[in-house]
J.: 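Right, I'll just put the structure down here and ask away after.
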Amino acid sequence: MTETKMLRVRALSALLLGSLAAFGLAQNSALAQAPFDLGPEQPGKVRTEKQPEAIAAIPKGFKFAAPGVLTVAVSPGGPPLATYATDAKTVVGADADFAQLIADSLGLRLDLQPIAWADWPLGLASGKYDAVISNVGVTEQRKEKFDFSTYRKGLHGFFVRADSKVTAISEPKDAAGLKVSVGGGTNQERILVEWSKQNVAAGLKPIELQLFDDEAGRLVALRSGRVDVIVQPHAQLVFIAARDKDIRRVGTLSAGWPLKSDVAITTRKGSGLVDALTIATNGLIANGKFRASLARWGLEEEALDRSETNPPGLPKY
């Protein structure tokens with residue numbers, strides 16, 4: 001190798017090492033700014049003791065997907081509910097934490113199975129896993145094939161820019177005349193269209209909806225001042241607000257408005273596990289472990305006061 005070529009190789013190596021170092025610094029800086037702990041170790045994860053009453057409610061002879069293990073499917077769709085940790089393989093988040101609490105309560109080891117959200121019905125029905133804990137809402141249609149033990153409120157969030165003059169939105173009249181960013185074809189759009197109709201019928205200004213297919217577009221519209229409010233699932237916006245500190249919450253909305261819409265542990269219809277899971281969840285609510293677990297992810301407001309087995313779900317629209 002000629003001296004000129006050696007100098008070129010050294011210069012290229014130096015440039016590459018510099019780029020890698022800069023990437024590492026940028027990555028570490030980004031991780032340091034994360035609003036919640038996204039590391040795989042999770043030293044702050046809340047754990048609990050066995051619940052004899054819940055264990056006794058497991059049917060004798062019940063066959064788990066793996067002996068001595070609670071196999072739970074979760075979709076790592078994004079923080080703070082479930083996402084991949086900084087090691088790109090461990091699933092962390094509020095739903096992952098709750099799955100651990102349920103396994104602890106039943107005296108079982110947890111096997112958390114990351115899946116695509118659309119795959120959970122088939123995998124659960126086939127017995128691939130024992131339960132799904134992945135922000136699944138109770139609906140009448142789903143109840144035909146699955147059992148449910150509720151654990152969180154299904155909420156949408158109203159968020160505005162940090163400097164917005166909007167202070168609170170809790171009913172249709174509060175949103176009259178506002179420009180709202182929302183996902184097209186979503187449940188949020190359906191609800192806000194109805195809110196706007198009610199406002200017009202009451203002699204108030206309609207709600208001006210701006211529809212977007214992606215979260216990035218909705219956030220850009222809010223931050224640029226093109227809209228006054230963004231509406232989407234509450235947990236997602238809690239994370240963004242904590243991370244970026246330029247938006248704030250001014251209200252929440254039941255995902256099933258005018259009905260309630262709770263999120264539930266999902267199991268196979270008639271498998272017999274649902275009663276044990278409801279008992280375990282109520283035990284976690286009573287001893288404060290569940291709320292403490294949600295608090296790690298800024299989601300205390302989504303805690304239920306009581307878990308129910310197969311409550312009324314959203315009707316078929």
J.: If you count every heavy atom of other residues, nucleotides or ligands that lies below 6.0 Å from Asp213 atom CG, does the total exceed 12?
T.: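 No, not enclosed.
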J.: Between Ile102 and Ala280, what is the shortest heavy-atom contact and its length?
T.: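 In this case the closest contact between Ile102 and Ala280 is CD1-CB, 4.0 Å.
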J.: Look only at the side chain of Asp228 and the backbone of Val160, and say whether a donor-acceptor pair between them is shorter than 3.5 Å.
T.: no
J.: Below 4.0 angstrom, N of the basic side chain to O of the carboxylate: do Asp87 and Lys89 qualify?
T.: no
J.: About how many Å separate CG of Asn199 and NZ of Lys173, when rounded to the nearest 0.5 Å?
T.: 9.5 Å
J.: Flag the pair Arg306 / Asn282 as yes when at least one side-chain heavy-atom distance between them is below 4.5 Å, and no otherwise.
T.: yes
J.: Indicate yes or no: at least one non-hydrogen side-chain atom of Thr86 is less than 4.5 angstrom from one of Pro40.
T.: yes
J.: With side-chain contact (heavy atoms from CB on, under 4.5 Å) as the test, would you mind laying out the steps for Leu304 and Phe290 before giving the verdict?
T.: CA-CA 9 Å; Leu304 288 177; Phe290 179 47; 5.7 Å; no
J.: Out of curiosity, Asp130 CG to Ser271 OG, how far, rounded to the nearest 0.5 Å?
T.: 8.5 Å
J.: Locate the shortest heavy-atom distance separating Ala73 from Ile115; write the atom from each residue and the value.
T.: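 Answer, listing the atom of Ala73 first, then Ile115: CB-CD1, 3.7 Å.
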J.: Going hydrophobic residue to hydrophobic residue with side-chain gaps under 4.5 angstrom, can you get from Ile285 over to Leu106?
T.: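 Same cluster: Ile285 reaches Leu106 through Ile, Leu, Val, Met, Phe, Trp or Tyr contacts under 4.5 Å.
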J.: Would you call the rings of Trp257 and Trp195 parallel, tilted or perpendicular, taking 30° and 60° as the class edges?
T.: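 Aromatic pair Trp257/Trp195 classed perpendicular.
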J.: Report the distance from atom CZ of Arg296 to atom CG of Asp37, rounding to the nearest 0.5 Å.
T.: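 Reported to 0.5 Å precision, the distance equals 6.0 Å.
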J.: Would you say the side-chain atoms of Lys145 pair up with the backbone N or O of Arg142, donor to acceptor, closer than 3.5 Å?
T.: no
J.: Could you report the tightest heavy-atom contact between Gly256 and Asn187, atom names first, then the distance?
T.: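 Looking at all heavy atoms of both residues, the shortest contact is N-ND2, 4.4 Å.
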J.: So do Leu112 and Ile133 actually touch side chain to side chain, heavy atoms under 4.5 Å?
T.: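 A side-chain contact is absent here, since even the closest heavy-atom pair is not under 4.5 Å.
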J.: Could you go through the side-chain contact (heavy atoms from CB on, under 4.5 Å) check for Asp147 and Thr309 one step at a time?
T.: CA-CA 8 Å; Asp147 285 329; Thr309 296; 5.9 Å; no
J.: List the atom pairs, with distances to 0.1 Å, where a side-chain N or O of residues 52-70 and a protein N or O form a donor-acceptor pair under 3.5 Å, not counting sequence neighbours.
T.:
none

J.: Keeping Arg218 on the side-chain end and Val231 on the backbone end, is there a donor-acceptor pair under 3.5 Å?
T.: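 Not a single qualifying donor-acceptor pair exists.
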J.: Flag the pair Ser261 / Leu314 as yes when at least one side-chain heavy-atom distance between them is below 4.5 Å, and no otherwise.
T.: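 Of all side-chain heavy-atom pairs linking Leu314 with Ser261, at least one is under 4.5 Å.
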J.: Any donor-acceptor pair under 3.5 Å linking the side chain of Lys269 with the backbone of Lys143?
T.: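 Such a contact is found between Lys269 side chain and Lys143 backbone.
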J.: Is a side-chain donor or acceptor of Gln141 paired with a backbone partner of Lys316 at a separation under 3.5 angstrom?
T.: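 Checked: no pair found.
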J.: Just how far is it from atom CD of Glu301 to atom CZ of Arg291, taken to the nearest 0.5 Å?
T.: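 The CD atom of Glu301 sits 9.5 Å away from the CZ atom of Arg291.
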J.: Within the side chain of Ser307, is there an N or O that forms a donor-acceptor pair under 3.5 Å with the backbone of Thr150?
T.: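 Yes; at least one donor-acceptor contact below 3.5 Å.
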J.: Could you tell me the separation between the OH atom of Tyr129 and the CZ atom of Arg268, rounded to the nearest 0.5 Å?
T.: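 Output value for this atom pair is 10.5 Å.
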J.: Can you measure from OG (Ser134) to CG (Asp119) and round to the nearest 0.5 angstrom?
T.: 11.0 Å
J.: Taking atom CG as the centre, does Asp305 end up with more than 12 heavy-atom neighbours from other residues, nucleotides or ligands that are less than 6.0 angstrom away?
T.: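 Not more than 12 within 6.0 Å, no.
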J.: Name the orientation class of the two ring planes belonging to Tyr151 and Phe98 (parallel below 30°, tilted from 30 to 60°, perpendicular beyond 60°).
T.: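 The rings of Tyr151 and Phe98 lie parallel, inter-plane angle below 30°.
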J.: Mind listing the closest non-hydrogen atom pair of Leu284 and Ser105 along with its distance?
T.: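 Where Leu284 meets Ser105 most closely, the heavy atoms are CD2-OG, 3.7 Å.
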J.: Backbone N or O of Gly313 within a donor-acceptor pair of the Glu140 side chain at under 3.5 Å?
T.: yes
J.: Any side-chain donor-acceptor pair under 3.5 Å between Thr281 and Ser149?
T.: no
J.: Treat each ILVMFWY residue as a node, draw an edge where side-chain heavy atoms are under 4.5 Å apart, and state whether Leu237 and Leu294 are in one component.
T.: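 Per the 4.5 Å side-chain linkage, Leu237 and Leu294 are co-clustered.
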J.: Cluster question for you: counting only ILVMFWY and a side-chain heavy-atom cut-off of under 4.5 Å, with indirect links fine, are Leu155 and Val238 together?
T.: no
J.: So, for Gly298 and Phe36, which heavy atoms are closest and what is the spacing to 0.1 Å?
T.: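 Taking Gly298 first and Phe36 second, the nearest heavy atoms are N-CE2, 3.9 Å.
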J.: On a heavy-atom basis, which atom in Thr71 and which in Gln113 lie closest, and how many Å separate them?
T.: CG2-CG, 3.7 Å
J.: Can you hop from Trp297 to Phe159 via hydrophobic side chains spaced under 4.5 Å?
T.: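 They do share one cluster, since a chain of ILVMFWY contacts under 4.5 Å joins Trp297 to Phe159.
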J.: What residue among Arg47, Lys50, Lys289 forms salt bridge (Lys or Arg N to Asp or Glu O under 4.0 Å) with Asp104?
T.: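 The passing option is Arg47.
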J.: Let me see the working for Lys179 and Arg226 under side-chain contact (heavy atoms from CB on, under 4.5 Å), right down to the final yes or no.
T.: CA-CA 8 Å; Lys179 297 177 181 178; Arg226 287 165 49 200; over 6 Å; no
J.: Ignoring hydrogens and angles, tell me if any N or O in the side chain of Arg248 forms a donor-acceptor pair with the backbone of Ser164 under 3.5 Å.
T.: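 Yes, the answer is positive, given that a donor and an acceptor are paired below the 3.5 Å cut-off.
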J.: List the steps and the verdict of side-chain contact (heavy atoms from CB on, under 4.5 Å) for Glu194 and Ile191.
T.: CA-CA 5 Å; Glu194 182 58 34; Ile191 293 170; 5.8 Å; no
J.: Hey, quick one: are Phe158 and Leu204 part of the same hydrophobic cluster, counting side-chain heavy atoms closer than 4.5 Å, chains of contacts allowed?
T.: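 Different clusters: Phe158 never reaches Leu204 through Ile, Leu, Val, Met, Phe, Trp or Tyr contacts under 4.5 Å.
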J.: Is a side-chain donor or acceptor of Asp174 paired with a backbone partner of Glu171 at a separation under 3.5 angstrom?
T.: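 Yes.
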J.: Is Arg152 salt-bridged to Asp95, going by a charged N under 4.0 Å from an acidic O?
T.: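 Between Asp95 and Arg152 there is a salt bridge, with a charged N closer than 4.0 Å to a carboxylate O.
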J.: For Ser196 and Leu192, indicate whether the former's side chain and the latter's backbone hold a donor-acceptor pair under 3.5 Å.
T.: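 Checking the backbone N and O of Leu192 against the side chain of Ser196, no donor-acceptor pair under 3.5 Å is found.
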